[in-house]
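These notes are about the structure you will find just below.
Only this structure's heavy atoms are used, side chains among them; waters, hydrogens and symmetry mates stay out.
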Amino acid sequence: MEYDVSLKPSPKIDDYFTEAEFKKSFKDDDSCILWLCLNNYPNGIICKKCDKVTTHKYYKAYQSFQCEVCGTHYQPVMGTIYQKKGIPISKWFFAIYLMGKNLKINSQELSKKIDVDLKTAEYMILKIKNKLVP
């Protein structure tokens, strides 16, 4: 799967979404990763090695983009709260959406909504509040 990130329009996450619309727009990890990439690099991914903006080939198995010039891989989740192994990025996105609608959502509610265990829901709420909520 290849994406020319410099040419695709960026989905607007700040527009009003119903829960169904949100799930349709961010239906899987790939759509979430593409959104991250498009919003972090609206003019295209800048390769850290060759300093060029190129079309990057997306490798689903590694959730990374590869520079077409030098082959360097870029993983949009590295250095973010999403990089925790075992929690799909699509669950992180949905948890953030739910918390944005209701900051008082508790771990039991979140656990049921995103289908994770209670301990994981508590961890996610803590990370989201510490990193994303002012």
- Message: Would you call the rings of Trp92 and Tyr123 parallel, tilted or perpendicular, taking 30° and 60° as the class edges?
- Response: perpendicular
- Query: What pair of heavy atoms forms the shortest contact from Leu36 to Ile89, and how long is it?
  - Reply: CD1-CD1, 3.5 Å
- Evaluate the ring planes of Phe22 and Phe26, with Trp represented by its six-membered ring, and classify them as parallel (under 30°), tilted (30 to 60°) or perpendicular (over 60°). tilted
- Message: Just verifying a value: how many Å separate Tyr74 OH and Ser64 OG, rounded to the nearest 0.5 Å?
- Response: 11.0 Å
- Message: Rounded to the nearest 0.5 Å, what separates atom CE in Met124 from atom NZ in Lys91?
- Response: 8.5 Å
- Taking every heavy atom of Asn43 against every heavy atom of Val53, the minimum-distance pair comes out as O-CG1, 3.3 Å
- CE-CD1 distance between Met99 and Ile105, expressed to the nearest 0.5 angstrom: 8.0 Å
- Task: Measure from the side-chain N and O atoms of Thr120 to the backbone N and O of Val116, and report whether any donor-acceptor pair falls under 3.5 Å.
- Result: no
- Item | Contact check, side chains of Leu34 and Tyr58, non-hydrogen atoms, under 4.5 Å | no
- Task: Evaluate whether atom CG of Leu126 has more than 12 neighbouring non-hydrogen atoms of other residues, nucleotides or ligands under 6.0 angstrom away.
- Result: yes
- Message: As a test of understanding, state which of Asp29, Asp28, Asp30 forms a side chain to side chain donor-acceptor pair (under 3.5 Å) with Ser90.
- Response: Asp29
- Item | Taking every non-hydrogen atom, the tightest pair across Cys47 and Cys70 | SG-SG, 3.4 Å
- Item | Over all atoms of both residues, closest heavy-atom pair of Lys113 and Phe94 | O-CE2, 3.8 Å
- When you look at CG of Asp51, are more than 12 heavy atoms from neighbouring residues, nucleotides or ligands closer to it than 6.0 Å? no
- Message: Please report the interatomic distance CD1(Ile81) to CG(Asn130), rounded to the nearest 0.5 Å.
- Response: 9.5 Å
- Query: Does the salt bridge (charged side-chain N to carboxylate O under 4.0 Å, His left out) test come out yes or no for Lys24 and Glu19, once each step is laid out?
  - Reply: CA-CA 9 Å; Lys24 184 178 177 186; Glu19 196 170 304; over 6 Å; no
- Item | Qualifying residue, where the test is side-chain contact (heavy atoms from CB on, under 4.5 Å) with His73 and the options are Gln66, Lys57, Gln63 | Gln66
- Query: Roughly how far, to the nearest 0.5 Å, is OG of Ser31 from CG of Leu38?
  - Reply: 11.0 Å
- Query: Between Tyr97 and Thr18, which heavy-atom pair has the shortest distance, and what is it?
  - Reply: OH-C, 3.2 Å
- For the residue pair Ser111 and Leu118, what are the closest heavy atoms and their distance? OG-N, 3.8 Å
- Describe, in one word, how the ring planes of Tyr82 and Phe93 are oriented to each other, choosing from parallel (under 30°), tilted (30 to 60°) and perpendicular (over 60°). tilted
- Task: Answer yes if Ile45 and Val69 sit in the same cluster of Ile, Leu, Val, Met, Phe, Trp and Tyr residues linked by side chain heavy atoms under 4.5 Å apart, and no otherwise.
- Result: no
- Item | Nearest-0.5 Å distance, NZ of residue Lys127 to CD1 of residue Ile96 | 12.5 Å
